[in-house]
Amino acid sequence: MKKAILLSGGSGTRLAPFTSFMSKHLLPLNDKPIIDYPINTLVKMGIEHLTVVLGGEHFDQVVLYLKDGADFGLNINYCYQGTPKGIAQAIDLCKPYVID
């Protein structure tokens, strides 16, 4: 298994007011953005290709932070879920990236 999907959508309303200016995935936890924890776990598992599903208001901040994934030793693709229609729909958006 070399491919994975990371769901990183949502507006983060329960974390307001912090998420009024920042993606909840970039909020610091022990001096690292929260998103670093699942990414580092996936890298340790041997994942090489990651598809990140984005949504919400500050999705661009996540893209600017992760870039192409080289800093993490990954190749990252992005899918945008414009309207939150659930996890199944988010995963369905990733088919072109995860199915050979």
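Within a 6.0 Å radius of CD in E57, no more than 12 heavy atoms belonging to other residues, nucleotides or ligands are found. Within 6.0 Å of the NZ atom in K32, the count of heavy atoms belonging to other residues, nucleotides or ligands exceeds 12.
Applying the salt bridge (Lys or Arg N to Asp or Glu O under 4.0 Å) rule to pairs touching residues 59-72 yields K67-D71, sequence neighbours excluded.
Residues D92 and K95 approach most closely at OD1-CE, 2.7 Å, considering heavy atoms.
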**Q.** Residue pair V53, I5: steps toward the side chain to side chain contact (heavy atoms under 4.5 Å, CB included) verdict
**A.** CA-CA 7 Å; V53 180; I5 297 170; 4.0 Å; yes
Q. L50 and N77: side chain to side chain contact (heavy atoms under 4.5 Å, CB included), yes or no, with the steps?
A. CA-CA 6 Å; L50 180 63; N77 300 307; over 6 Å; no
**Q.** Evaluation steps, side chain to side chain contact (heavy atoms under 4.5 Å, CB included), between I35 and S8
**A.** CA-CA 8 Å; I35 201 167; S8 300; 3.7 Å; yes
Q.
What verdict does the side chain to side chain contact (heavy atoms under 4.5 Å, CB included) test give for M22 and L27, after you've listed the backbone C-alpha separation in whole Å, the side-chain angles of each residue and the deciding distance to 0.1 Å?
A. CA-CA 7 Å; M22 176 183 279; L27 291 173; 3.5 Å; yes
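A donor-acceptor pair under 3.5 Å is absent between the side-chain atoms of Q81 and the main chain of I87, judged by distance alone. Y97 contributes no side-chain N or O that, together with a main-chain N or O of K3, makes up a donor-acceptor pair within less than 3.5 Å. Formation of a donor-acceptor pair under 3.5 Å by the S23 side chain with backbone atoms of H25 is found in this model. With hydrogens and angles ignored, the 3.5 Å screen pairs a side-chain donor or acceptor of N40 with a backbone N or O of D36.
Residues meeting the ring pair (Phe, Tyr, Trp, His ring centres under 6.0 Å) test with Y80, sequence neighbours left out: F59.
In this structure, the separation between NZ on K85 and CG on L93 is 9.0 Å, given to the nearest 0.5 Å.
With L66 as the partner, the side-chain contact (heavy atoms from CB on, under 4.5 Å) test is satisfied by one option alone out of L74, L6, V52: V52.
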